Structure formats: structure tokens, C-alpha cells
Amino acid sequence: MYGLWRPRVLGGWRVPATGPVILAVNHSHNVDGPMVIGVAPRASHFLVKKEAFVGPLGPFMRATGQLEVDRSTADRTAITRALEVLAAGGVLGIFPEGTRGDGDFAALRAGLAYFAVRSGAPIVPVAVLGSTERPGRLIKALPALRSRIDVVFGDPFEAGDGSGRRTRKALDEATERIQKQLTAHLENARRLTGR
């Protein structure tokens, strides 16, 4: 990542040095996930759509610990593997919007709340800013080479209400709390970086 672009990492120290952690990353460009994987202070395992595991990229992504997920169904294998990462004290990366979009955390899917409440792992909000500002001259699908991309890590927070409940109502309430935290972090990141 540092060879192709100029990432500026802010708040990396906020990621707990040990124990399970969930990175909740906004997603507006294909490079957002690889950028966070490349600059995060700890090795991370991202849930990635199965369509990305094609050609030589598939074995590479599996070898680096990324987790293939079928978004068309409740992928039990992916869910089990993600919970195993957290149970082992690892870092799980999630795009809570479920797909690429405006990257504003406007519409969250329930997966993030489920993993956070089920595992008890804190969530660290992550804002990737600048990946969509200038397309490259040679490869339009990538940001311009040597352009600055900001990766801003926020303060960890707990998604649950402390009761340990995992009911549908508890997950819906956790999703609301998460959305407020992620939206506030994104606003702070934009102010901090001027983007």
C-alpha cells in the first residue's frame, strides 16, 4: 500500500494490542479493504464476498487469512470462521454496509451487531477517506498512484447493552448504537482530515 499510494494512518494506537477486535470499515472503493489490511497495527481477517476470490487472487486472499462469504445466504461457514477468529483473540474486519456504496454508514446490515454481541469483542470504527477522489490515469478503477488516502481509526466501543442478550430486539438496538458511533466517527474523521 505504501509503495502505490501515500496512506496517512491516524489513531492506529486506538486498536487494542491484544484480544478480539472488530474493525468496522466504511466502503466506497475496492481498495479500502486492502488498504486497511496493509496499514492496520494488527493482522486482520476480513469478510470478503466470494466473487472476489477468483483467479490467482483467490489463493492469495485465503493465504493471507481473508474469509470468503456468500452474501446471498446466511453463510454458516463464514460465520463460524469469523467467530473462530474472534474466539482466538484475532482481528475481524467487516464492511457493515455489506457492499460498496457512499461509505457513509447510512445503511448497516445486522452482521456487525451479531458478531459484536455474540463475541463480546469491542468495535473499532475505521474511516477510509480519499480512495474515490482521483482515479488513476492508467487504471481508472484504482485511485491515482501516489495519491493520499487517509485511514482513521476511532476509539473502541462495546455494541451490547451489557445484558448479554442476543435476541432480535437486542441486535436491533445494538445496530442502532453502532450506527450512531460509526456515523459520529466518520464525521470526526472528515473534520480531522479536511475531507
Side-chain angles (χ1 to χ4, degrees), residues 1-9 12 15 20-112 114-115 119 121 123-153 182:
M1 293 296 112
Y2 287 95
L4 297 173
W5 297 283
R6 291 183 305 122
R8 179 171 62 166
V9 179
V15 177
V21 176
I22 299 172
L23 300 180
V25 184
N26 69 324
H27 195 25
S28 57
H29 196 283
N30 283 337
V31 80
D32 296 341
M35 181 61 67
V36 174
I37 291 168
V39 303
R42 291 177 60 189
S44 54
H45 307 272
F46 269 76
L47 285 169
V48 181
K49 64 182 179 182
K50 71 176 185 175
E51 295 85 359
F53 287 78
V54 295
L57 194 56
F60 173 76
M61 289 174 66
R62 287 183 195 94
T64 60
Q66 307 322 305
L67 308 172
E68 187 174 346
V69 63
D70 182 350
R71 298 180 302 167
S72 67
T73 183
D75 187 339
R76 293 192 128 357
T77 301
I79 292 168
T80 301
R81 288 183 179 155
L83 290 171
E84 288 171 352
V85 165
L86 295 170
V91 179
L92 178 66
I94 295 178
F95 300 110
E97 297 159 296
T99 188
R100 215 171 37 253
D102 292 335
D104 57 3
F105 296 122
L108 301 188
R109 296 178 79 176
L112 174 56
Y114 174 79
F115 288 120
S119 69
I123 297 172
V124 172
V126 184
V128 180
L129 304 169
S131 58
T132 59
E133 287 178 1
R134 286 184 26 227
R137 287 186 297 179
L138 296 175
I139 303 173
K140 301 284 185 213
L142 293 175
L145 293 177
R146 305 303 301 146
S147 62
R148 191 181 87 214
I149 298 174
D150 293 321
V151 181
V152 184
F153 294 89
L182 297 182

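FYI, side chains are in, hydrogens and waters are out, and symmetry mates aren't considered; it's all heavy atoms of this structure. These figures come from a predicted structure and were not determined experimentally.
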Test side chain to side chain contact (heavy atoms under 4.5 Å, CB included) applied to Leu182 and Leu112, step by step: CA-CA 12 Å; Leu182 297 182; Leu112 174 56; 4.1 Å; yes

By side chain to side chain donor-acceptor pair (under 3.5 Å) - contacts of Ser72 (at least two apart): Asp70

Partner set under side chain to side chain contact (heavy atoms under 4.5 Å, CB included) for Ile79, not counting sequence neighbours: Leu83, Tyr114, Phe115

Taking every non-hydrogen atom, the tightest pair across Val54 and Glu51: CG1-O, 3.3 Å

Closest contact, heavy atoms only, Ala43 versus Val91: O-CB, 3.4 Å

Name of the residue among Leu67, Val36, Asp32, Val69 meeting side chain to side chain contact (heavy atoms under 4.5 Å, CB included) with Phe46: Val36

Within-4.5 Å side-chain heavy-atom neighbours: Val128 and Asn26: yes

Closest non-hydrogen atom pair, His45 against Leu92: O-CD1, 3.2 Å

Ring geometry between Phe95 and His27 (parallel below 30°, tilted from 30 to 60°, perpendicular above 60°): parallel

pair Arg81-Thr77: side-chain heavy atoms closer than 4.5 Å: yes

Minimum heavy-atom distance Pro41-Gly12, with the two atoms named: CG-O, 3.3 Å

OG-CD1 distance between Ser119 and Ile22, expressed to the nearest 0.5 angstrom: 4.5 Å

Interatomic spacing from CZ in Arg146 to CH2 in Trp5 - rounded to 0.5 Å: 10.5 Å

Gap between atom CG of Leu47 and atom CG of Asp75 - 0.5 Å precision: 9.0 Å

Gap between atom CG of Asp150 and atom CZ of Arg8 - 0.5 Å precision: 4.0 Å

Ser44 OG to Ile94 CD1 distance, which is reported to the nearest 0.5 Å: 11.5 Å

Glu68: which of Lys49, Arg62, Lys50 passes side-chain hydrogen bond (donor to acceptor under 3.5 Å, both in side chains): Arg62

Min side-chain heavy-atom separation Phe53-Gln66 under 4.5 Å: yes

Point-to-point distance, once rounded to the nearest 0.5 Å, from CE of Met35 to CD1 of Ile37: 11.0 Å

